[in-house]
There are 2 protein chains.
Amino acid sequence: MSYSIGQVSEKLSISPYTLRYYDKEGLLPFVDRNEAGRRRFKDNDFNFLEVIMCLKEADVPVKQIGDFIDLCMTGDTTLQARYDFLTEHEQALEKKMAQLQHTLDFLRWKKWYYKTALQAGTESIHYLPGTNHVDPAVHAEFEKLVADGASPAELGKLA
Amino acid sequence: MSYSIGQVSEKLSISPYTLRYYDKEGLLPFVDRNEAGRRRFKDNDFNFLEVIMCLKEADVPVKQIGDFIDLCMTGDTTLQARYDFLTEHEQALEKKMAQLQHTLDFLRWKKWYYKTALQAGTESIHYLPGTNHVDPAVHAEFEKLVADGASPAELGKLA
DNA sequence: GCTTGACTTAGAGTCAGCTCTAGAAACTAT
DNA sequence: ATAGTTTCTAGAGCTGACTCTAAGTCAAGC
């Protein structure tokens, strides 16, 4: 079973332009060509493509993905290097997810800020008297609700 | 209390170039200037900067962050729009985190793949007999271990 | 045989998000 | 006062990741 660039493009929802770009950047050295020079993807190539898409999803730059594919093509001497590469990016991803959780929590505190403002009809309930500046006690109040067991996601929900 | 662009840059670990770029893109309309035209950041401005950094972290494009800041400057008539904006990006972020969890799981299965190959001294233990193609049963085996209660993160750990 | 459509390459163009340069003006320390 | 540092603007330059164009090749259907 073999597939044209168009069929692979369709299957993976990646444009043929992008697939050729990846090839040019050295990400697809495993892809065969027919007599006319056209790319023929094998079933096994989808294992590589899956790894490539995974690493892209993990925000690994194209060049580094190329380095990993190089390791793959070299053979058993690079097994440890490949394992280490994946470990490095596993850790980076864990770190990123923790960071995104903070970001999400912040978004929810701001939602609560606007929810309460909406209910009051004006943002000024959060200001220090006579100013346009937010009272730091407002954030503290939200933090207290969370410390007392409320879920940030729920606190932000309107009505 | 007011702060120069250099002090803000230092505090937030953002280059002054970037801060000026954000200003140029309309993200910092709230920043005052002194008689000489130099930016003077107020304490309250850090609330805005915190929101900007949060939205950046959530991968919101600079232009859209500008739209949100515009809403903030307009006053109480935009409270609902601001709430909706945050809700939209909260949802996008939740979706992204779910996707990243899948990516992480995939990375861990690949780590297990290389761990077992390393222990065998060769990747060929995963190949279909007489080929260089990965046996689909290998992934199924990993999935079975997970279904039987093993943690993907643990399965990938070496030694 | 001829058109249509998918493919090929090299190379140009685009976009976001910075990042830097140049030249001038303004603070800061001695 | 003067040297050094910081800031200002306008605008150029850079990087990564595509995205497309042009000109040509190839395969399939009428």
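In what follows, every chain begins at residue 1, and chains take the letters A, B, ... in the order their sequences are listed. Remember, it's a predicted structure, so these values are computed and weren't measured experimentally.
A donor-acceptor pair is defined here as one N or O able to donate and one able to accept, closer than 3.5 Å; no such pair exists between the side chain of B/Thr131 and the backbone of B/Tyr127.
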Would you please test B/Leu158 and B/Lys111 for side chain to side chain contact (heavy atoms under 4.5 Å, CB included) and show each step? CA-CA 9 Å; B/Leu158 204 49; B/Lys111 278 189 68 178; over 6 Å; no
Worked check of side-chain hydrogen bond (donor to acceptor under 3.5 Å, both in side chains) between B/Tyr3 and B/Asp45: CA-CA 10 Å; B/Tyr3 309 86; B/Asp45 295 350; over 6 Å; no
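The phosphate of C/dC7 (OP1 or OP2) has a side-chain N or O of A/Ser4 nearer than 4.0 angstrom. Between B/Arg33 and D/dT9 there is a side-chain N or O to OP1 or OP2 distance below 4.0 Å. Of the side-chain N and O atoms in B/Lys56, one or more sit less than 4.0 angstrom from OP1 or OP2 of C/dC18. Note on A/Lys24: every side-chain N or O is 4.0 Å or more away from OP1 and OP2 of C/dT8.
With D/dA27, D/dC18, C/dG11 as the candidates, the nucleotide lying closest to the side chain of A/Ala36 is D/dA27. Side-chain proximity of A/Tyr22 to the nucleotides C/dG11, D/dC8, D/dC18 is greatest for D/dC18. Nearest nucleotide to the A/Tyr17 side chain, out of D/dT21, D/dA17, D/dC26: D/dT21.
A side-chain donor from one of B/Tyr113 and B/Glu123 sits under 3.5 Å from a side-chain acceptor of the other.
Along DNA chain D, the nucleotide nearest A/Asn34 and the nucleotide nearest A/Tyr21 are compared for position; the residue whose nucleotide lies closer to the 5' end is A/Tyr21. Place B/Ser15 and A/Asp23 on DNA chain C by their nearest nucleotides, and A/Asp23 ends up nearer the 5' end. The residue among A/Ile5 and B/Thr18 whose nearest nucleotide of DNA chain C is located toward the 5' end is A/Ile5.
When rounded to the nearest whole Å, the span between CZ of A/Arg40 and P of D/dA27 equals 11 Å. Nucleotide D/dT5 holds its C1' atom 15 Å from the CD atom of B/Glu10, rounded to whole Å. Atom CZ in B/Arg38 sits about 16 Å away from atom P in C/dA24, given to the nearest Å. One can place CZ of A/Phe41 at 13 Å from C1' of C/dT8, the figure rounded to the nearest angstrom. Protein atom NZ of A/Lys63 is 9 Å distant from nucleotide atom C1' of D/dT15, rounded to whole Å. D/dA17 atom P lies 16 Å from atom CG of A/Leu19, rounded to whole Å. In this structure, CD1 of A/Ile52 is placed 13 Å from P of D/dA17, rounded to the nearest angstrom. Here C/dC18 presents its P atom at 8 Å from CE of B/Met53, a figure rounded to the nearest Å.
Judged by atom type and distance alone, A/Arg20 does not reach the base of C/dT9 through any side-chain donor-acceptor pair under 3.5 Å. For C/dT8, its base never sits under 3.5 Å from the side chain of A/Arg39 at any donor and acceptor pair.
With B/Phe46 as the aromatic partner, B/Lys11 meets the cation-pi criteria of under 6.0 angstrom to the ring centre and within 45 degrees of the ring axis.
Within 4.0 Å (heavy atoms only), A/Pro61 reaches sugar-phosphate atoms of the nucleic acid but no base atom.
Atom NE2 of A/His102 sits in a sparse spot, with 12 or fewer heavy atoms from other residues, nucleotides or ligands closer than 6.0 Å.
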